[in-house]
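Here's the structure we're looking at; comments come further down.
Numbers here simply count residues along the sequence, with the first being 1. Both counts, for ligands and for their atoms, begin at 1 and track the order of listing.
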Amino acid sequence: MMQAVHFGAGNIGKGFIGDLLHDSGFYITFVEVNDAVVQSINRTNSYDIYVIDKNYEKRTINNVSALSSGEEEITEAILDADMVTTSVWADNLAKVAPVIAKGLQKRIDNKKEKLNILACENALYATDILKKEILKNLKADESELNNYACFPNVSVDRLALNIIKDGEPAVEIDSSFELVIEKNKLVNPDTEPIKGAIYAENLTMYLERKLYIVNCGHAAAAYLGFLKGYKIVQDALKDKEILEEVLGAMNESAAVLQKKFGFSHEDLQKFIQKNIKRFTSEAVKDDILRVGRSPIRKLDPTDRLVAPALGCIEYNYETKYLSKIIAAVFHYENPNDEQAVILKKYLDENGIEKSITNFTKIQKGTKLFDEISEKF
Ligand SMILES: NC(=O)C1=CN([C@@H]2O[C@H](COP(=O)(O)OP(=O)(O)OC[C@H]3O[C@@H](n4cnc5c(N)ncnc54)[C@H](O)[C@@H]3O)[C@@H](O)[C@H]2O)C=CC1
Ligand SMILES: O=P(O)(O)OC[C@H]1O[C@](O)(CO)[C@@H](O)[C@@H]1O
């Protein structure tokens with residue numbers, strides 16, 4: 001049986017990547033910092049996922065085990081692996097990199113064959129970020145590493161939510177998904193190691209369409225919804241004013257992608273409508289605090305809100321909606337979200353102008369800066 005080591009047994013780890021790896025014939029060793037999750041997987045060497053839009057049909061994923069993040073066996077698991085994947089959040093890639101590097105060093109010492117390493121995170125080129133972090137922790141240099149590992153980037157799209165079922169952590173998923181893998185960076189670009197994935201020559205257009213339309217619209221619903229006191233995304237989107245503004249932001253992003261990649265207007269409209277339908281599905285209750293989580297990451301100039309706004313500026317398009325949503329992020333509060341706490345503290349101590357530049361890197365004196373500051 002093929003072996004995969006997956007870092008992060010969270011919603012996407014279990015509900016998406018684990019599901020597809022299992023379907024593709026892999027035995028999966030999860031590496032996870034949460035010991036309760038490790039124990040839960042190891043109790044039965046399986047876990048359950050529930051398909052929301054198929055009447056919560058249960059799918060049991062077997063041929064799995066889990067290791068706690070400090071365990072020595074991780075190096076051995078990587079030594080024997082055919083693939084390594086992550087879904088730990090982009091902010092944590094630097095933390096898993098030393099562990100992966102240790103396993104890779106052992107593969108290098110043992111002259112093992114090349115394997116694919118994929119960072120399945122919501123971020124632009126997350127696998128490149130992971131590779132850079134691995135190199136910081138490896139004796140080998142990049143050209144030697146390239147003989148032992150390939151690093152395709154990935155675009156990851158599936159709704160996966162955590163639930164407790166019969167006292168055990170489980171995951172609810174949507175049956176629809178899109179996993180796009182950078183084909184030419186695979187160990188063997190003619191193989192399709194994960195069933196159901198799309199193997200793309202040009203990942204950038206898929207990655208940007210996903211991050212700058214799907215995640216942009218979802219984030220817009222969360223931050224505007226929060227401002228008006230909603231708790232659930234589906235409820236926020238029943239508010240006509242919020243829906244109009246969310247669509248406005250998605251359309252501003254779409255205009256940039258149309259110009260940059262040559263997508264047709266009709267295709268992008270269909271894409272937007274399909275995603276609004278997903279966000280408003282009555283079967284799902286998606287917590288605004290989940291979708292709005294880690295606001296500092298979401299204010300990054302390469303992420304879902306600021307990057308499309310900068311694209312609009314480049315093409316001389318309007319940023320009426322995107323600027324309002326970026327401004328709304330600075331009003332977001334969640335005492336249980338470390339980044340939200342840091343953001344609020346910085347804002348309270350330094351004011352909106354310094355905060356805009358500090359978190360978005362948008363410079364004072366530019367049109368976009370003025371718009372965000374005014375809307376705030
Ligand atoms: N949940 C969703 O619907 C989607 C999430 N994503 C992306 O997938 C990634 C994971 O998101 P979720 O699964 O929702 O989050 P999650 O919080 O459910 O899962 C992340 C898991 O990684 C574990 N983890 C964190 N640091 C670790 C470390 N150093 N070593 C081992 N495990 C570690 C956490 O304990 C947690 O179980 C994120 O980058 C997110 O943006 C992408 C598409 C959809
Ligand atoms: O996982 P992140 O990057 O924090 O953002 C939440 C987003 O990710 C998703 O969970 C999946 O794309 C969306 O539901 C939401 O837009």
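Summary of contacts: the protein heavy atom closest to atom 15 (C) of ligand 2 is H218 ND1, 3.1 Å. Scanning all protein heavy atoms for the shortest distance to atom 10 (O) of ligand 2 gives R290 NH1, 2.9 Å. In this structure, the protein non-hydrogen atom closest to atom 8 (O) of ligand 2 is N122 ND2, 2.9 Å.
Salt-bridge annotation for E192 and K183: absent, with no side-chain N of the basic residue lying under 4.0 Å from a carboxylate O of the acidic one. Salt bridge status for R290 with D337: absent, with no side-chain N to carboxylate O gap under 4.0 Å.
With distances taken over non-hydrogen atoms, the option nearest atom 20 (C) of ligand 1 out of P169, S294, S87 is S87. Between atom 32 (N) of ligand 1 and the options L159, V291, V99, V33, the minimum heavy-atom separation is to V33. Among N11, V291, N215, L211, the residue whose heavy atom sits closest to atom 7 (C) of ligand 2 is N215. Of the candidates V96, I173, V37, V38, it is V96 that places a heavy atom closest to atom 29 (N) of ligand 1. For atom 36 (C) of ligand 1, the candidate residues are E32, K210, K14, K95; the nearest heavy-atom contact is made by E32. For atom 5 (C) of ligand 1, the nearest non-hydrogen atom from the set L67, N11, L211, I12 comes from I12.
At most 12 heavy atoms of other shown residues, nucleotides or ligands fall within 6.0 angstrom of atom CG in N55.
At a heavy-atom distance under 4.0 Å, only side-chain atoms of R293, from C-beta outward, approach ligand 1. Within the 4.0 Å heavy-atom criterion, neither part of D157 lies near ligand 1. Of the heavy atoms in N122, both backbone and side-chain atoms come closer than 4.0 Å to ligand 1. Residue contacts with ligand 1 for C120 involve N, CA, C or O but no side-chain atom from C-beta outward (heavy atoms, distance under 4.0 Å). At a heavy-atom cutoff of 4.0 Å, ligand 1 is contacted by the side chain of R290 but not by its backbone.
Linking Ile, Leu, Val, Met, Phe, Trp and Tyr whenever their side-chain heavy atoms come within less than 4.5 Å leaves L79 and Y27 in two separate clusters.
Nearest heavy atoms, S155 versus K210: OG-CB, 3.6 Å.
Checking side-chain atoms of N110 against main-chain N and O of K112 turns up no donor-acceptor pair under 3.5 Å.
At least one N or O atom of W89, backbone or side chain, sits closer than 3.5 Å to an N or O atom of ligand 1.
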Intermediate values then yes/no, salt bridge (Lys or Arg N to Asp or Glu O under 4.0 Å), E318 and K367: CA-CA 10 Å; E318 283 203 9; K367 178 175 166 282; over 6 Å; no

